[in-house]
Colleague: 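Encoded as structure tokens, here's the structure I'll be asking about.
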Amino acid sequence: MTSRSSIRIRTRRTALAAATATAAFLLAACGGDGDGGSGHEGPHASASAGAEAGSTAGNETGENAHNAQDVAFAQGMIPHHRQALEMARLAADRSASAEVEDLAARIEKAQDPEITTMTGWLTAWGEEVPESMPGMDHSAHSGMPGMMGDEDMTKLKEASGREFDTMFLTMMVEHHEGAVEMAGTEKAKGRYAPAKTLADAIATAQNAEITEMNKLLGKDGKDGKDGKDGKDGKDGGNGNEGGNGKD
């Protein structure tokens with residue numbers, strides 16, 4: 001692991017510990033009608049350092065034209081989505097917050113079909129589809145923006161109640177920010193129109209969910225990005241806090 005990755009992971013752990021100590025109690029104070037959020041996490045620096053905007057992955061023309069960045073986007077976003085699904089599925093029997101459970105369910109509902117869509121693209125292009133295996137090796141993707149390492153995932157699995165909720169929200173904000181960064185690269189450098197459309201939808205939806213999660217953590221909720229080369233957007237979308245907590 002590079003020194004930069006080590007610094008990033010230590011920084012994340014320090015921030016997570018601070019958030020757990022100061023923000024967990026805010027979850028129980030949230031109220032509303034339970035209809036919050038965007039309903040879509042869907043889809044980082046480029047998922048492949050070798051992907052270049054001007055290169056072509058084939059000889060296709062017209063609607064099927066795509067380039068190496070489109071391939072890298074799909075190959076990177078698929079494992080990124082899979083980790084988000086793994087995190088979201090933990091909420092059902094660990095969370096103490098109805099808002100967190102609702103958010104997790106929406107993330108799963110949005111991202112599962114997107115994995116299927118991107119798998120279809122790669123298959124049609126004759127490109128490798130990332131393998132899906134039980135017990136995902138998170139360390140293999142630790143260089144991707146927003147991805148959690150094995151130690152992070154182990155801690156999340158071992159947590160419960162409000163500790164889980166705070167940890168889940170803190171990690172998922174970072175995970176979403178990574179997906180928005182990936183989407184911005186695809187929008188700027190991709191060629192395949194459906195992939196660029198999906199990237200735009202991902203950036204919009206996940207920025208809204210970042211706002212929602214920051215509100216649940218007691219932050220101002222304005223930390224979203226616009227999906228354009230990782231620059232901050234003017235606003236993070238309009239997330240809702242959602243329904244009453246269990247406690």
Side-chain angles (χ1 to χ4, degrees), residues 12 16 19 27 30 32 34-44 47 73-74 76-119 130 132 136 138 141 144-148 152-153 155-157 159-160 162 164-184 186 198-217 219 221 223-225 227 236-243 245-246:
R12 178 197 300 148
L16 180 58
L27 290 161
C30 295
D35 294 329
S38 65
H40 183 130
E41 193 223 344
H44 326 89
F73 172 69
M77 194 63 78
I78 286 173
H80 202 273
H81 271 26
R82 285 173 180 160
Q83 185 177 75
L85 293 182
E86 183 176 347
M87 294 169 67
R89 288 165 180 161
L90 296 174
D93 59 0
R94 290 171 173 81
S95 176
S97 166
E99 293 95 333
V100 171
E101 287 192 28
D102 176 67
L103 172 67
R106 286 185 275 119
I107 288 172
E108 182 175 358
K109 183 178 179 180
Q111 294 200 30
D112 230 352
E114 290 176 350
I115 291 174
T116 300
T117 295
M118 290 183 287
T119 297
S132 175
M136 178 180 176
H138 303 285
H141 306 285
M144 295 168 62
M147 289 289 280
M148 301 297 115
D152 298 306
M153 293 300 294
K155 288 181 177 179
L156 186 63
K157 291 174 183 177
S160 62
R162 294 183 186 178
F164 170 86
D165 293 330
T166 302
M167 192 177 296
F168 173 84
L169 293 169
T170 303
M171 288 183 176
M172 194 62 80
V173 165
E174 181 175 349
H175 202 271
H176 273 37
E177 288 173 344
V180 171
E181 186 177 339
M182 289 176 70
E186 172 61 19
L198 177 60
D200 185 64
I202 286 168
T204 299
Q206 292 200 23
N207 271 326
E209 288 179 346
I210 288 169
T211 298
E212 177 183 0
M213 290 186 286
N214 278 331
K215 286 181 178 179
L216 289 172
L217 286 167
K219 300 180 181 180
D223 294 334
K225 297 180 179 179
N238 294 318
N240 252 328
E241 287 186 334
K246 291 181 178 179

Colleague: Who pairs with Thr119 by side chain to side chain contact (heavy atoms under 4.5 Å, CB included), at least two apart in sequence or on another chain?
Modeller: Ile78, Ile115, Thr123, Val129
Colleague: Kindly indicate, with the supporting measurements, whether the criterion side chain to side chain contact (heavy atoms under 4.5 Å, CB included) is fulfilled by Glu177 and Glu181.
Modeller: CA-CA 6 Å; Glu177 288 173 344; Glu181 186 177 339; over 6 Å; no
Colleague: Do the side chains of Met172 and Glu209 get nearer than 4.5 Å, heavy atoms only?
Modeller: no
Colleague: Donor-acceptor pair, His80 side chain versus Met144 backbone, under 3.5 Å?
Modeller: no
Colleague: Of all heavy-atom pairs between Glu114 and Ala110, which one has the smallest distance, and what is that distance?
Modeller: CG-O, 3.4 Å
Colleague: Could you tell me whether the side chain of Gln83 and the main chain of Met148 form a donor-acceptor pair under 3.5 Å?
Modeller: yes
Colleague: Please test Lys219 against Met213 for side chain to side chain contact (heavy atoms under 4.5 Å, CB included), starting from the C-alpha separation and ending with a verdict.
Modeller: CA-CA 9 Å; Lys219 300 180 181 180; Met213 290 186 286; over 6 Å; no
Colleague: Rounded to the nearest 0.5 Å, how far does CD1 of Ile210 lie from CD of Glu174?
Modeller: 10.5 Å
Colleague: At their closest point, which heavy atom of Ala104 faces which heavy atom of Phe168, and how far apart are they?
Modeller: CB-CZ, 4.1 Å
Colleague: May I ask you to test the Ser132-Arg82 pair for a side-chain heavy-atom distance under 4.5 Å?
Modeller: yes
Colleague: Please give me the minimum heavy-atom distance between Leu198 and Phe73, naming the atom from each residue.
Modeller: CD2-CE2, 4.5 Å
Colleague: A side-chain contact here means heavy atoms from C-beta on lying under 4.5 Å apart; do Leu169 and Asn214 qualify?
Modeller: no
Colleague: Which heavy atom in Ala183 sits nearest to a heavy atom in Ala199, and how many Å separate them?
Modeller: CB-O, 3.3 Å
Colleague: Side chains of Asp165 and Glu99: closer than 4.5 Å at any heavy-atom pair?
Modeller: no
Colleague: Which distance, rounded to the nearest 0.5 Å, do you find between the CE of Met167 and the NZ of Lys155?
Modeller: 7.0 Å
Colleague: Would you check if the side chain of His175 reaches a backbone N or O of Met171 as a donor-acceptor pair within less than 3.5 Å?
Modeller: no
Colleague: Between Arg94 (side chain only) and Lys157 (backbone N and O only), is there a donor and an acceptor less than 3.5 Å apart?
Modeller: yes
Colleague: Using 0.5 Å steps for rounding, measure from the CD1 atom of Ile107 to the CG atom of Asp102.
Modeller: 10.0 Å
